Every structure is written in structure tokens, then in C-alpha cells.
Amino acid sequence: MSDTASVSAEHRRALALMAHPDDAEFMCAGTLIRLARAGWEIHIATVACGDCGTTTETLWGIAARRFEEAQQAAAVIGATYHCLDECDGFVVYDKPTLRKCVDLFRRVAPRVVFLHTASDYMMDHVMASLLGRAVSFLYGAPNASEFPVRAGSQVPHLYYCDPMEGLDPLGHPVEPTTYVDISTVLEEKARMLACHASQREWLRAYHGTDEYLDSMRRHAQMRGQQAGVAAAEGFVQHRGHAYPRNDLLAELFGSGGTP
Ligand SMILES: [Zn+2]
């Protein structure tokens, strides 16, 4: 287990680019916490603003509330939250959204990126995944944006997070290439997720239990069982042409459970 890995100290920046506020907290916050503790600068971004996450509020009201909740969740680990301000249910792979994503990547210059899997049940997640994949490859090209190219910009280590329940859209299980042990940070992950009070409240009212946090814990325990630890997050690493193929997360945190 080495923290020297393949990224030098001044370039240790991680970005989770997801579709909605709370997606990163469900899917990869445990790993983000571990990266933050290892000295990495953490960025959490969402393509959409969460404006459909309500049954009672206006889209403006809920979007403003969810921006604050996402900022509070990020602040738990000293991370920065970015919102690309698209609308829930209308995330598409188009030129304006690609440009927003390129500009975000230009400012952050992440060396490890977390995205939804493209085999996700929710189309906003699929679109956000494709946007992030395209931009992770493109953003370092000087002509791709008017933002300057930061030192250290290069095609990052790219990991796809688990879909909800670890199932693809047809109900088949996704097999992680990489597990990260989050046993020691599970409660901090729950604290980040709990910052999304607007979502937790209506799910609690609907189910009569704290399903919001319980479902996260159940999934972490399921992945943990596969990895031989109490709680884990699962990822599939993108290892196509031009992408780093060494498993950075395994190098940083150990490869327990990696098939
Ligand atoms: Zn989502």
C-alpha cells in the first residue's frame, strides 16, 4: 500500500462528476473521504441541480435548497461543490453541456475521475457518464476551451461507480474491477449523505424508515461482503486506449477483494 502511487503530490486532485446532488454521496463518498484523508483535493460536481427532487416545492426553491445541501455535504471533507445547472430529467449529450464539462475539467485538472456507469438505470446518469468520459479524454487539448490548460492536465484514471443496487438496466449484476474498503469511514459517508435532508425527509415519510441512509449502508455491506471487509464501494475501471491502466485505487488503498 503506497501513497506515492503514480500521481505526484501537487497533482492529487479528484473529481466526481455525477448527474444529481446526492449521487456522489451514495456511490463514491467513502472513497472520496479516503482520498481527502490521504491529502487529495476533492471536487464534487453535478450536471443537474436537483430541481425535480420534491413533491411540494417549486423548482427554484428545491434547486436552491439542494445546492446548499450539496455544499454542506462537500464541506464535511473540505471538498468543493460545482453545479453545471442543467435540469433533472433533461441531461443530454450536447454541445453546450459538453462545453460546461470541458470548462469544469480545465479548472480542476483531475487525475482521478468518478462517473456513473453508462449501464445505469437512469438516463440522466447515462448521459452524465458519457459527458464525463468524452471530456476526460478531450479536456487537455489546448483548443478545447478558453480556460488555460493547468499544469498536470492529462487523461485521468477513470472509475465508474456502482449503479443503484449494483444492477444494470436489465437487472444483471455489475462486477466491480476494484473494491475500496470504506469500513472506517462509513459513518462519515452517512454524515455526508444526511446533509441532503430534503431527499432523506420525503423518503423517510414514504417508507416510515430511514431508507435513505439504510439503503446506502446495505449496499456498502453487500460490496464489503464480496471484498472480505465490513463495508466497501465497488468500481469498474475504464482501461481503454489512452487511459491509465494501473489501478490507482488499489495502489493507494490496497487490493482487498479485487478479482
Ligand atoms: Zn441521480
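The model shown is predicted, which means the values in this text are computed figures rather than measured ones. Basis for what follows: all heavy atoms, side chains included, without hydrogens, waters or symmetry-related copies.
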Quick check: do Leu131 and Leu98 have side-chain heavy atoms less than 4.5 Å from each other?
yes

Measure the spacing between CZ of Arg65 and CD of Gln199 and express it to the nearest 0.5 Å.
8.5 Å

So Lys189 and Leu32, do their side chains get closer than 4.5 Å, heavy atoms only?
no

Are the side chain of Asp124 and the backbone N or O of Val91 linked by a donor-acceptor pair below 3.5 Å?
yes

Taking atom types as modelled, is there a side-chain donor on Arg223 or Gln226 under 3.5 Å from an acceptor on the other?
yes

Of the non-hydrogen atoms in Met18 and Asp23, which two are nearest, and what is the gap between them?
CB-CB, 3.7 Å

Sorted by chain and number, sequence neighbours left out, side-chain contact (heavy atoms from CB on, under 4.5 Å) with Ala231 holds for Ile182, Ser183, Leu186, Ala220

The criterion is side chain to side chain donor-acceptor pair (under 3.5 Å); which residues satisfy it with Arg191, sequence neighbours excluded?
none

Looking at OG1 of Thr80 and CD1 of Ile44, how far apart are the two atoms once the value is rounded to the nearest 0.5 Å?
9.0 Å

Taking the cut-offs as 6.0 angstrom to the six-membered ring centre and 45 degrees off its axis, would you call Arg107 and Phe147 a cation-pi pair?
yes

In one Ile/Leu/Val/Met/Phe/Trp/Tyr side-chain cluster, 4.5 Å: Met164, Met127:
no

Counting only N and O atoms by type, is there a donor-acceptor contact under 3.5 Å from the side chain of Arg133 to the main-chain atoms of Ala118?
no

Roughly how far, to the nearest 0.5 Å, is the CG atom of Asp210 from the CD atom of Glu201?
10.5 Å

How about Phe235 and Cys161: do any of their side-chain heavy atoms sit closer than 4.5 Å?
yes

d(Glu69 CD, Met192 CE) to nearest 0.5 Å is 13.5 Å

Show the numbers, then the answer: is there a side chain to side chain contact (heavy atoms under 4.5 Å, CB included) between Leu158 and Arg239?
CA-CA 8 Å; Leu158 175 55; Arg239 291 181 174 136; over 6 Å; no

Which atom of Cys52 lies closest to which atom of Asp88, heavy atoms considered
N-OD2, 3.0 Å

Ignoring hydrogens and geometry, is there a side-chain-to-backbone donor-acceptor pair from Arg106 to Ser145 under 3.5 Å?
yes

Do you know which of Leu115, Leu130, Val47, Asp120 makes side-chain contact (heavy atoms from CB on, under 4.5 Å) with His125?
Asp120

Quickly, which of Arg200, Arg218, Arg204 forms a side-chain contact (heavy atoms from CB on, under 4.5 Å) with Leu213? Name it, please.
Arg200

When Ile, Leu, Val, Met, Phe, Trp and Tyr are grouped by side-chain heavy atoms lying under 4.5 Å apart, directly or through other members, which residues fall in the same group as Leu170?
none

Do we see a donor-acceptor contact under 3.5 Å between the side chains of His116 and Tyr160?
no

Note: Ala16 and Cys28 closest approach over all heavy atoms is CB-SG, 3.9 Å

Please answer whether the main-chain N or O of Glu57 pairs with a side-chain N or O of Thr54 as donor and acceptor at a distance below 3.5 Å.
yes

Is any side-chain heavy atom of Tyr159 less than 4.5 Å from a side-chain heavy atom of Val113?
no

Within-4.5 Å side-chain heavy-atom neighbours: Pro163 and Val174:
yes

Run the side-chain contact (heavy atoms from CB on, under 4.5 Å) test against Asp94 and tell me which residues pass, sequence neighbours left out.
Val92, Pro96, Thr97

Between Asn246 and His157, do the side chains contain an N or O donor and an N or O acceptor separated by less than 3.5 Å?
yes

What do the steps show when you test Asp22 against Arg66 for salt bridge (Lys or Arg N to Asp or Glu O under 4.0 Å), and what is the final call?
CA-CA 9 Å; Asp22 83 8; Arg66 297 195 69 185; 3.7 Å; yes

Count the heavy atoms of every other residue, nucleotide or ligand shown that sit under 6.0 Å from CD of Glu146, and state whether that count exceeds 12.
no

Under 3.5 Å, is there a donor-acceptor pair linking the side chains of His43 and Glu41?
yes

Does the pair Arg217 and Glu187 meet the rule for a salt bridge (Lys or Arg N to Asp or Glu O under 4.0 Å), with working shown?
CA-CA 9 Å; Arg217 287 201 175 95; Glu187 288 316 304; 2.8 Å; yes

ILVMFWY cluster, Met122 and Leu17 together (side-chain gap under 4.5 Å):
no

Does the side chain of Tyr121 reach to within under 4.5 Å of the side chain of Asp168, using non-hydrogen atoms?
no

When every non-hydrogen atom of Pro21 is compared with those of Ala70, the smallest separation belongs to CB-CB, 4.3 Å

NZ of Lys100 to CG of Leu104: how many Å apart, nearest 0.5 Å?
11.5 Å

Cluster companions of Val149 among Ile, Leu, Val, Met, Phe, Trp, Tyr (side-chain spacing under 4.5 Å)
none

What are the two closest non-hydrogen atoms of His11 and Val7, and how far apart are they?
O-CG1, 3.6 Å

Could I get the full list of side-chain contact (heavy atoms from CB on, under 4.5 Å) partners for Leu167, not counting sequence neighbours?
Glu165, Pro173

Any side-chain heavy-atom pair from Tyr139 and Ser153 closer than 4.5 angstrom?
yes

Verify the distance criterion only: is there a donor paired with an acceptor across the side chains of His196 and Glu25 at less than 3.5 Å?
yes

Please report the shortest heavy-atom distance between His20 and Ala48, naming the atom on each side.
CD2-CB, 4.0 Å

Testing the 3.5 Å rule here: is there a donor-acceptor pair between the side chains of Ser136 and Tyr243?
yes

Quick check, are the ring centers of Phe26 and Tyr212 under 6.0 angstrom apart?
yes

Going from CG on Asp181 to CG on Leu249, what distance comes out if it is rounded to the nearest 0.5 angstrom?
12.5 Å

Do NZ/NE/NH1/NH2 and the carboxylate oxygens of Glu233 and Arg34 come within less than 4.0 Å?
no

Joint cluster assignment, Tyr81 & Phe114, ILVMFWY side-chain distance < 4.5 Å:
yes

pair Leu35-Ile77: side-chain heavy atoms closer than 4.5 Å
no

Out of curiosity, does Phe67 fall in the hydrophobic cluster containing Leu15 (side-chain heavy atoms, cut-off under 4.5 Å, transitive links)?
no

Taking Val180 as the starting point, is it possible to reach Val229 by hopping between hydrophobic residues whose side chains are less than 4.5 Å apart?
no

I'd like to know whether CD of Gln225 has more than 12 heavy-atom contacts from other residues, nucleotides or ligands below 6.0 angstrom.
no

